[in-house]
Amino acid sequence: DYLVKDSVGADYLSIGAGISDLALRGQSGNVRFLIAGGDYYENITLVNWLPAYKTTFEARGDGQTVLHAAGSWGVNLTTCSQLRFVGLKVTGHTSGAFRLYYSSSNYKGCDTITVKDCEMEGGSYGVYAYYDVDNCSIVGNYIHVNSSYGIYLYSGSSSYPMSYNVIAN
């Protein structure tokens, strides 16, 4: 476990610093970032994040953990797998809190993504899943959007099936 907190005693002062370090060093087992209660003014963007092990971003439980995202997406995932987001509040985005997207270069989407017990506030979508999203769990979340849909699943055609997803909010 690694502690993310904006003060002394943390392994990382920001979520982005933890992600950058993990990308640089690699991972040989499951990794969990425990994110201390507080306000984090950043977005999470991961592209081609395909580890053999799980990476978890989890609120530590010592106060509300709020990701104040600027721009379109709070958490933007393109061709990613083995990711878990637990207990975070995502706000400030204009389009959506979580985007699970596919790569147009290899036509691979996201799989084995968990969004659990999160709060999503604002924007057009809580979760926007587009093309080839498989084995994902979107459970126990509070979703309040300004327009459009709380959860949007789009497969487009039989070329991009969505299968084995669990949604219960």
Please lay out, stage by stage, how L153 and V133 fare under the test side-chain contact (heavy atoms from CB on, under 4.5 Å).
-> CA-CA 9 Å; L153 301 175; V133 174; 5.7 Å; no

Geometric class of the F33/Y2 ring pair [parallel <30°, tilted 30-60°, perpendicular >60°] = tilted

Aromatic rings Y125 and Y149: how do their planes relate, parallel, tilted or perpendicular, breaks at 30° and 60°?
-> parallel

Roughly how far, to the nearest 0.5 Å, is the [atom2] atom of [Y] from the [atom1] atom of [X]?
X: Q82; Y: L50; atom1: CD; atom2: CG; result: 9.5 Å
X: S28; Y: Y53; atom1: OG; atom2: OH; result: 6.5 Å
X: T114; Y: K116; atom1: OG1; atom2: NZ; result: 8.5 Å
X: D117; Y: K89; atom1: CG; atom2: NZ; result: 15.0 Å
X: S20; Y: R25; atom1: OG; atom2: CZ; result: 12.0 Å
X: T56; Y: R84; atom1: OG1; atom2: CZ; result: 4.5 Å

Can you tell me if [X] uses its side chain to pair, donor with acceptor, with the backbone of [Y] under 3.5 Å?
X: S147; Y: S124; answer: no
X: N141; Y: C118; answer: yes
X: E42; Y: G16; answer: yes

Mind listing the closest non-hydrogen atom pair of [X] and [Y] along with its distance?
X: I15; Y: V4; value: N-CG1, 3.7 Å
X: L3; Y: G9; value: CD2-O, 3.9 Å
X: F57; Y: L83; value: CE1-CD2, 4.0 Å
X: L88; Y: E58; value: CD2-C, 4.4 Å
X: S81; Y: P51; value: O-CD, 3.7 Å
X: T79; Y: Y102; value: OG1-C, 4.0 Å

Taking side chain as C-beta onward, heavy atoms only, is I44 less than 4.5 Å from F98?
-> no

Hey, can you pull the donor-acceptor pairs under 3.5 Å for the side chains in residues 61-76, sequence neighbours left out?
| from | atom 1 | to | atom 2 | distance (Å) |
| --- | --- | --- | --- | --- |
| D62 | OD1 | G37 | N | 2.7 |
| D62 | OD2 | R60 | NE | 3.0 |
| D62 | OD2 | R60 | NH2 | 2.5 |
| Q64 | NE2 | E119 | OE1 | 3.3 |
| T65 | OG1 | I35 | O | 3.2 |
| T65 | OG1 | A36 | O | 3.3 |
| H68 | NE2 | D39 | OD1 | 2.8 |
| N76 | OD1 | R99 | NE | 2.9 |
| N76 | OD1 | R99 | NH2 | 3.4 |

Can the ring centroids of Y154 and Y131 be said to lie less than 6.0 angstrom from one another?
->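 Centroid distance Y154-Y131: below 6.0 Å, so yes.
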
Could you please spell out the steps behind the side chain to side chain donor-acceptor pair (under 3.5 Å) verdict for T55 and Q27?
-> CA-CA 9 Å; T55 306; Q27 71 186 87; 3.0 Å; yes

Does the side-chain contact (heavy atoms from CB on, under 4.5 Å) test come out yes or no for L77 and F85, once each step is laid out?
-> CA-CA 12 Å; L77 310 175; F85 300 89; 3.9 Å; yes

Hey, any chance M120 and V86 share a hydrophobic cluster, counting ILVMFWY side chains that come within less than 4.5 Å of each other, even indirectly?
-> no

If Ile, Leu, Val, Met, Phe, Trp and Tyr residues are connected whenever their side-chain heavy atoms lie under 4.5 Å apart, and connections chain through other members, are I19 and L34 in the same group?
-> no

